[in-house]
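Numbering of ligands and ligand atoms starts at 1, following listing order. These numbers come from the heavy atoms of this one structure, side chains and all, not from hydrogens, waters or symmetry mates.
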Amino acid sequence: MKDRLLIYVACPACQGSLDLDGAVQRDGPEIMTGQLKCSGCDRKYPIAGGVPRFANLAEVGEEKAATAAGFGWEWKQFTQHDQKYGDQLLGWLNPVRPDFFRDKVVLDGGCGKGRHLMLAAEWGVRDVVGIDLSEAVDTAFAATRGADNVHVVQGDICRLPFRPVFDYAFSVGVLDHLGSPAEGFQSLASKVKPGGHVSAWVYGAENNQWITGLINPVRVHFTSRLHPRTLFHISKLPTAVLFLATKLIYGPLSKVGKGDFARRLFYGDYLSSLSRFGWREHHAIVFDHLVAPTAHYLTREEFETWWSGIRAQEVKIGWHNKNSWRGFGRVSEPIKNSQS
Ligand SMILES: [Zn+2]
């Protein structure tokens, strides 16, 4: 961690301020090993491998740990980089554009291996802080340590180790894997200062009945219980079906005329957009749908209550690829996190 991270962190238990305690081992601008101590409750949090550790898989519930372990394993395997990911992130954060990030202090709730941290850095943030519960933070740290405005911490979205100082917080594809997605969202929003903004992207219940009806039972009872490595190989078979469908059917048809015909097919908008990506992204998506023991698919009404719950202003909720919801809104008053 860089010294500047101290401006942003706070004790997740009591919100007290944190300071370096005792000897630290440095490597250039990074504190690789050391300890943070809370001035309020004297709790101590280790810094190891360059990353401050506020929670780990051993301390959280079994299901949360299993979800994080599955994704952590996944994020170490799927480490592709591509310009398309910028467009993909902007699709999830719409109407946010790259300019919006400039000079802002940004929080990525569920940063995985840090792909979106690097994009935020490229788009000119003052600082971006990524948090994740899984060991993917080690990959994120290694991938981002060259950027002086990127910070990575390990911790729980529902007990965030931060002060309410962020200009913008976003979470994509993570909240719906928490035991209580609405609580995670409220926790995330509680770290945004009044006048700042929040974005969230979650799977929709609408149009996903085939997943909730057919795939979910398989995920809950079978695939999420496999070792991730076994699932990694097994999931190649459904990936092959998906890959051939998007490459041979949806991709070519989406280029015919205005693509209206492709959009009318089953899952047309989504699979047409997926056709631009390669095998590894297809595999990552299939794996993602099979690995987690917890996955919520939210209706528009449920998603809307998140935003009314934090009294957000100027909220824009939209359908993304007709299978997921994206929301963006302004935080108008301090938000109390029910967890802390
Ligand atoms: Zn404390």
Do [X] and [Y] make the cut of ring centroids closer than 6.0 angstrom?
{"X": "Trp201", "Y": "Phe170", "value": "no"}
{"X": "Phe162", "Y": "Tyr8", "value": "no"}
{"X": "Phe328", "Y": "Phe100", "value": "yes"}
{"X": "His282", "Y": "Phe243", "value": "yes"}

Problem set entry | Arg330 and His197: CA distance, side-chain angles, deciding distance, side-chain hydrogen bond (donor to acceptor under 3.5 Å, both in side chains) verdict | CA-CA 4 Å; Arg330 190 167 63 83; His197 292 82; 4.9 Å; no
Exercise. What protein N/O/S atoms sit under 2.8 Å from the Zn ion (ligand 1), by chain and number?
Worked result: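 The answer is Cys11 SG, Cys14 SG, Cys38 SG, Cys41 SG.
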Exercise. Which side-chain hydrogen bond (donor to acceptor under 3.5 Å, both in side chains) pairs, counting each pair once, include a residue from residues 18-36, with sequence neighbours left out?
Worked result: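 Every pair satisfying side-chain hydrogen bond (donor to acceptor under 3.5 Å, both in side chains) with a residue in residues 18-36: Lys2-Glu30, Asp3-Arg26, Asp21-Gln35, Gln25-Thr33, Asp27-Arg145.
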